Protein chains: 2
Amino acid sequence: MNIGETSRASGVSVKMIRYYESIRLIKSPLRTESGYRVYSDNDVHTLRFISQARDLGFSVEQMEDLLALWRDRSRASGDVKAIALQHIDALQEKARALQAMSDTLQHLADHCQGDDRPECPIIEGFASAVAPEAKKRQPRFGVTGIDPRAHSH
Amino acid sequence: MNIGETSRASGVSVKMIRYYESIRLIKSPLRTESGYRVYSDNDVHTLRFISQARDLGFSVEQMEDLLALWRDRSRASGDVKAIALQHIDALQEKARALQAMSDTLQHLADHCQGDDRPECPIIEGFASAVAPEAKKRQPRFGVTGIDPRAHSH
DNA sequence: GTAAGCCTTCCAACGGTTGGAGGGTCAAGA
DNA sequence: TCTTGACCCTCCAACCGTTGGAAGGCTTAC
């Protein structure tokens, strides 16, 4: 199976398959005489797993753990569970952070008339909300693991 | 007020203030004879607004809209509310997806506990959960406007 | 006068993904 | 057999938001 077919079967773009290989997330496949990459059904399976995890905001670093969890089926179940629980905590924390953002916005929106008059609590809330000295400067989105790219150019 | 003082007053780093200027999110400030940037209280206010919106996961692109609305006294609060509500939906959807992933992993962890046999059908199910042809390839994190950087290096 | 701490610009890196250039390979149809 | 078009290859650059660092100028206090 060549890379294009593999891409269609897995839902991972050709570009990303090659990228994942370059960062050693997946292993280098065999090549034909002419240099074409050749993949197996198992590789497709792995890529589908990766795609799934990426869709939910896992970093590549985390995916290495997840892949190990997935592949190392004969490992001690205690170790496996520890890794799984760690990822669950991370997921819960991300979901919580997103929910907090949503709640804050919802609260502001609730107090906004939404008509054509200029008064708007959302805007006012943004402008005056936080005393900056109370803010701890920490990685702004480190918790959430989601990306701000708003458009594919 | 120089840039350092402005940074401390607004909670936006010196680097980011210059970056926001470079992408024209904020306008270029006046300079002293020696080239130092000079900011007003109003600029601090604007930066605080920006910082707040970024904390809530708005992209720079979205902030341009919000800033325009903020500055335009005649804007309809309905416009602002529409942007906020759209954002709330995106955040909710992302939180929901993360929660589903967490549930799946929890299920996996529960099942694997104390089981020394290599078979793990739940892992198999997780790996092949999504039929790739059912996936629409869309900007992966475009909706939420949040960033995957997990660590400040 | 000198050291500390500002400030300036410029250049690079991160992660994850995409686009494109410039070129080789394969299969089908004329 | 020869061409055509769809594939494949590698390499380089861009995107976003943010940070770090280098190399140098300015201001202030001792």
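Protein chains get the first letters and strands the later ones, always in sequence-line order, with residue 1 at the start of each. Keep in mind it's a predicted model, so treat the numbers as computed, not measured.
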Query - d(CD, A:Glu5; C1', D:dC7) in whole Å - result: 12 Å
Report summary line: Rounded to whole Å, the CD1-P distance (A:Ile50 to C:dG16) equals 12 Å
Query raised in the report: Between atom CZ in A:Arg54 and atom C1' in C:dG16, what is the gap in whole Å?
Result: 6 Å
Query - Nucleic acid contacts - residues 29-38 of chain B versus DNA chain C, non-hydrogen atoms under 4.0 Å - result: B:Arg31, B:Gly35, B:Tyr36, B:Arg37
Query raised in the report: For the pair made of OH in B:Tyr19 and P in D:dT18, what is the distance, rounded to whole Å?
Result: 7 Å
Query - Nearest heavy atoms of B:Phe49 and B:Leu67, plus distance in Å - result: CD2-CD2, 3.5 Å
Query raised in the report: According to a 4.5 Å side-chain heavy-atom criterion applied to Ile, Leu, Val, Met, Phe, Trp and Tyr, with indirect links allowed, do B:Tyr20 and B:Leu30 form part of one hydrophobic cluster?
Result: no
Query raised in the report: Is A:Met16 reachable from A:Val38 through a run of hydrophobic residues whose side-chain heavy atoms are each under 4.5 Å from the next?
Result: no
Tabulate atom names and distances for all N/O pairs under 3.5 angstrom spanning the protein and nucleotides 20-23 of chain C.
| from | atom 1 | to | atom 2 | distance (Å) |
| --- | --- | --- | --- | --- |
| C:dG20 | O6 | A:Lys15 | NZ | 2.3 |

Requested in this report: Report the residues that fulfil side-chain hydrogen bond (donor to acceptor under 3.5 Å, both in side chains) with B:Ser102, sequence neighbours left out, ordered by chain and then residue number.
Outcome: A:Gln92
Query raised in the report: For C:dG16, does either OP1 or OP2 sit under 4.0 Å from a side-chain N or O belonging to A:Tyr20?
Result: no
Report task. Tell me whether the OP1 or OP2 atom of D:dC16 has a side-chain N or O from B:Ser59 closer than 4.0 Å. Result -> no
Report task. Take atom CD of B:Glu21 and atom P of C:dT9, then tell me their distance rounded to the nearest Å. Result -> 8 Å
Query raised in the report: How is A:Ile3 classified with respect to the nucleic acid when contacts are heavy atoms under 4.0 Å: base, sugar-phosphate, or nothing?
Result: sugar-phosphate
Query raised in the report: Can you list the other members of the hydrophobic cluster that holds A:Met1, where links are side-chain heavy atoms under 4.5 angstrom apart?
Result: A:Val44
Query raised in the report: Which heavy-atom pair separates B:Gln99 from A:Ala95 by the least distance, and what is that distance?
Result: OE1-CB, 4.3 Å
Query raised in the report: Got a donor-acceptor contact below 3.5 angstrom from the B:Ser51 side chain to the B:Arg48 backbone?
Result: no
Report task. Tell me, yes or no, whether the heavy-atom count around A:Arg24 atom CZ, taken from other residues, nucleotides or ligands under 6.0 Å, exceeds 12. Result -> no
**Report entry** A:Glu61 CD to C:dC14 C1', straight-line distance once rounded to whole Å
**Finding:** 12 Å
Query raised in the report: Would you call B:Val60 and B:Leu25 a side-chain contact if the rule is heavy atoms closer than 4.5 Å?
Result: yes
So which protein nitrogen or oxygen atoms get under 3.5 Å of nucleotides 28-30 of chain D's nitrogens or oxygens?
none

Query - Sugar-phosphate, base or nothing in reach of A:Val14, heavy atoms under 4.0 Å - result: nothing
Requested in this report: Write down the distance between CZ (B:Arg18) and C1' (D:dG21), rounded to a whole number of angstrom.
Outcome: 12 Å
Report task. Give the rounded distance in Å between these two atoms: CG of B:Asn2 and P of D:dG25. Result -> 20 Å
Report task. Rounded to the nearest 0.5 Å, what's the gap from CZ on B:Arg18 to CD1 on B:Ile3? Could you check? Result -> 4.5 Å
Report task. Sorted by first residue and then second, give each salt bridge (charged side-chain N to carboxylate O under 4.0 Å, His left out) pair with at least one member in residues 32-46 of chain B; sequence neighbours left out. Result -> B:Glu21-B:Arg37
Requested in this report: Flag yes if A:Tyr36 and A:Ile17 sit in one hydrophobic cluster, no otherwise; membership is Ile, Leu, Val, Met, Phe, Trp, Tyr, and two members link when side-chain heavy atoms are under 4.5 Å apart.
Outcome: no
